[in-house]
Amino acid sequence: MELRDTIRRRRMVRAYDPDRPVPAEVVDLLLEHAVRAPSAGFSQGWDFLVLERPEDRDLFWRSTTGGADEPDGWLRGLMSAPLLVVCLSDKDAYLDRYAEPDKGWTDRDEARWPVPYWDVDTGMAALLMLLTAVDEGLGSCFFGVPGDRQAAFREAFGIPENRSPVGVVSVGYRAPDRRSPSLERGRREPEEVAHSGRFGEPYRRGRSSEGS
Ligand SMILES: Cc1cc2nc3c(=O)[nH]c(=O)nc-3n(C[C@H](O)[C@H](O)[C@H](O)COP(=O)(O)O)c2cc1C
């Protein structure tokens, strides 16, 4: 598939065919593409927790939801995913990398990081997995681990203290799902978000066809 088609076709899919596992070679490919993501200083401060076995996925859902209430439609849909990849960021990998001689930030001062690149880079890796799923004819969704369930999730899967769950990529063959109500907001088009030369100066598309 052309990259432009993959990008345009990508949308968050929140319901899957529970009886169709993700082929092992696709799981491999998702991870092979994830590690192609760019990273500051090539720190590659990410880890991916791959949950394929039903008992592992059950543990994920129990630990992140508390398992008490009947799941709503949204949750039931996501719970049908045969594959979950939890994307973890590793801040220390960046502080360590930038303390190396070619970078020289030996104080490991976090004030040097106005943007948490460990989370940014892990998010980029997640996006590559979302796009790979589309390219392979599958659906995927990115969602978070709720703040009040982080401790239970960490405990359940033995996540080290210095790793942070940035989000989860669910993957599977698509089943019919409900459009997210958020989409009613409409997409912000380039003219609305792009600025030409100075902030606030309009950017216009279609200039390449002008004056020729
Ligand atoms: C950082 C991030 C967190 C998100 N969290 C959730 C989530 O918790 N639940 C969910 O259903 N969708 C989640 N989404 C998906 C967004 O709702 C979705 O990307 C947005 O509505 C645009 O739809 P589209 O991706 O299908 O184009 C998240 C997306 C991002 C980038």
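These numbers come from a predicted model, not from an experiment. Order of listing sets the numbers, starting from 1, for every ligand and every atom in it.
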What orientation do F153 and F157 show, parallel under 30°, tilted 30 to 60°, or perpendicular over 60°? tilted
Specify whether Y98 and W105 have parallel, tilted or perpendicular ring planes, treating 30° as the upper limit for parallel and 60° as the lower limit for perpendicular. tilted
Residue, atom and distance of the protein heavy atom nearest atom 3 (C) of ligand 1 read F142 CD2, 3.8 Å
Other residues, nucleotides, ligands: >12 heavy atoms within 6.0 Å of E189 CD: yes
State whether the number of non-hydrogen atoms from other residues, nucleotides or ligands found under 6.0 Å of E55 atom CD is greater than 12. yes
Carboxylate-amine/guanidinium contact K103 E100, below 4.0 Å: no
Of all the non-hydrogen atoms in the protein, which one sits nearest to atom 18 (C) of ligand 1, and at what distance? M12 CG, 3.7 Å
Which residue and heavy atom of the protein sit nearest atom 27 (O) of ligand 1, plus the separation: R10 NH2, 3.4 Å
Heavy atoms only: which of R11, R185, R14, R179 lies closest to atom 10 (C) of ligand 1? R14
Element-labelled atoms of ligand 1 that are located less than 4.0 Å from some non-hydrogen atom of G144: 8 (O)
Under 3.5 Å between any N/O of C141 and any N/O of ligand 1: does that happen in this structure? no
Evaluation steps, salt bridge (charged side-chain N to carboxylate O under 4.0 Å, His left out), between D96 and R108: CA-CA 7 Å; D96 291 343; R108 302 177 93 254; 2.5 Å; yes
Short N or O distance, R187 and ligand 1, threshold 3.5 Å exclusive: no
Across all chains, not counting sequence neighbours, the ring-ring contact (aromatic ring centres under 6.0 Å, His included) partners of F42 are none
So which heavy atom in the protein is nearest atom 9 (N) of ligand 1, and how far is it from that ligand atom? W74 CZ2, 3.3 Å
So which bit of L183 gets within less than 4.0 Å of ligand 1, heavy atoms only: side chain, backbone, both or neither? side chain
Give a yes or no on this: more than 12 heavy atoms of other residues, nucleotides or ligands lie within 6.0 Å of atom CD of E191. yes
Does the protein come close to atom 16 (C) of ligand 1 - that is, does one of its heavy atoms sit below 4.0 Å from that atom? yes
Counting non-hydrogen protein atoms only, what is the nearest one to atom 7 (C) of ligand 1? Give residue, atom name and distance. F143 CB, 3.5 Å
Report the C-alpha distance between S170 and F143 in whole Å, list the side-chain angles of each, state the deciding distance to 0.1 Å, and finish with yes or no for side-chain contact (heavy atoms from CB on, under 4.5 Å). CA-CA 8 Å; S170 56; F143 59 95; 3.8 Å; yes
Give a yes/no verdict on whether any heavy atom in G167 is under 4.0 Å from an atom of ligand 1. no
Considering distance alone, does some N or O of S182 sit under 3.5 Å from an N or O of ligand 1? no
